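I have placed the structure first, in the form of structure tokens, so that the comments after it can refer back to it.
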Protein chains: 2
Amino acid sequence: MSADNKHAEICDAPDTHTDVVELVRNTMPDDELLYDLADLFKVFGDTTRIRILYALEREMCVCDIAEVLGMTQSAISHQLKTLKQSKLVKSRREGKTVFYSLDDDHVRDIIDRGIEHITE
Amino acid sequence: MSADNKHAEICDAPDTHTDVVELVRNTMPDDELLYDLADLFKVFGDTTRIRILYALEREMCVCDIAEVLGMTQSAISHQLKTLKQSKLVKSRREGKTVFYSLDDDHVRDIIDRGIEHITE
DNA sequence: TGAAAACATGAACAAATGCTCATATGAAAG
DNA sequence: CTTTCATATGAGCATTTGTTCATGTTTTCA
């Protein structure tokens, strides 16, 4: 909690900079949380996965998703695994086919915020 | 608008699948929008950039950000460029130093939604 | 004008990532 | 039990990406 002056390492700045650095350091969330957060957004950061999430406004089976996106069943399956691990989609088995849908409302929420930013 | 039966290409599914595929296809946003959206989230999908955004709750100069994160000035500068191109941060010059801050409220909004999802 | 400080940028390299191809798993039908 | 359909998964490969290192810009001050 002591203010160990690291001023020398910082740019040739007025003393306020040192204060700001210390202050911001203390108000930053745990690195673990920020790491998980980046990992979550990384999942949204791919065109295929975003398109899958949009398609899943309605529950769909794997091969139909592949059909909608015009992509391989394998490619879709791989991405669905990623999406499921991040708890963005859930699955339900019915015989041979597996139906996927959005896991909760957060998903659409996050996407909508992104669209807001883009189309402002 | 005609329902050109692509049933053969789809999994051995009841006719409803074909309908769903067509329906979802028509309700999907333009690929360009989805591409831009993925690009936006891609920017959030990196630990360094997320940490920078958190640090910028207060306006800071480049070298102070580098100090807070314990990283090179060059690395930070590169990432700030990415963040600026996505309109997530803005900059203001004051003599030799350049101060960065969040561009608008959407940024913190999007991040908060992400945290909600993680810490649920 | 010349040097130093703060920042920006280009090239290069290592690490992460997404798709493809082949194959494995699991369920239903014959 | 064997086959077939829907899906899952592992390895391989090409592309993307983040950092480092060296250098370029811009501003200030002597």
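Every value quoted in this text rests on a predicted model; they were computed, and no experiment measured them. The figures that follow rest on heavy atoms only: side chains count, while hydrogens, waters and symmetry mates do not.
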Output the rounded distance in Å from [atom1] ([X]) to [atom2] ([N]).
X       : N      : atom1 : atom2 : result
A:Leu80 : D:dT9  : CG    : C1'   : 13 Å
B:Phe99 : D:dT26 : CZ    : C1'   : 16 Å
A:Met71 : D:dA6  : CE    : C1'   : 18 Å
A:Gln85 : D:dT9  : CD    : P     : 9 Å
B:Ile76 : C:dT9  : CD1   : C1'   : 15 Å

Could you pull out all residues at least two apart from [X] that satisfy salt bridge (Lys or Arg N to Asp or Glu O under 4.0 Å)?
X        : result
B:Glu94  : B:Arg92
B:Glu57  : B:Arg108
B:Asp104 : none

Q: Please figure out whether B:Val98 or A:Gln79 has its closest DNA chain C nucleotide nearer the 5' end.
A: B:Val98
Q) Just checking A:Tyr100: base, sugar-phosphate only, or nothing, at a heavy-atom cut-off of under 4.0 Å? A) sugar-phosphate
Q) Base, sugar-phosphate alone, or nothing: which one does A:Thr97 contact when heavy atoms must sit under 4.0 Å apart? A) sugar-phosphate
Q | Residues touching DNA chain D, which here means a heavy atom under 4.0 Å, drawn from residues 37-54 of chain A | A | none
Answer with yes or no whether the hydrophobic clustering places [X] together with [Y]; edges join I, L, V, M, F, W, Y residues whose side-chain heavy atoms lie under 4.5 Å apart.
X       : Y       : result
A:Val68 : A:Met71 : yes
A:Val20 : A:Met28 : yes
A:Val98 : A:Leu80 : yes

Return the polar atom pairs (N/O with N/O) between nucleotides 21-28 of chain C and the protein under 3.5 Å, or none.
from   : atom 1 : to      : atom 2 : distance (Å)
C:dC21 : N4     : A:Ser74 : OG     : 2.7

Looking at side-chain heavy atoms only, is the closest gap between [X] and [Y] below 4.5 Å?
X       : Y       : answer
B:Asp64 : B:Thr97 : no
A:Lys84 : A:Lys81 : no
B:Gln79 : B:Ile76 : no

Q | Single hit among B:Leu83, B:Leu88, B:Val89 for side-chain contact (heavy atoms from CB on, under 4.5 Å) with B:Arg49 | A | B:Leu83
Q: Hey, can you tell me if A:His117 and B:His106 have their rings parallel, tilted or perpendicular (30° and 60° cut-offs)?
A: perpendicular
Q: Mind grabbing the angle between the end helix axes of the helix from C:dT1-D:dA30 to C:dG30-D:dC1? Five pairs an end, 10° rounding.
A: 10°
Q: With the side chain of B:Cys61 defined as its heavy atoms from C-beta on, choose the nearest nucleotide among C:dC7, D:dG18, D:dT9.
A: C:dC7
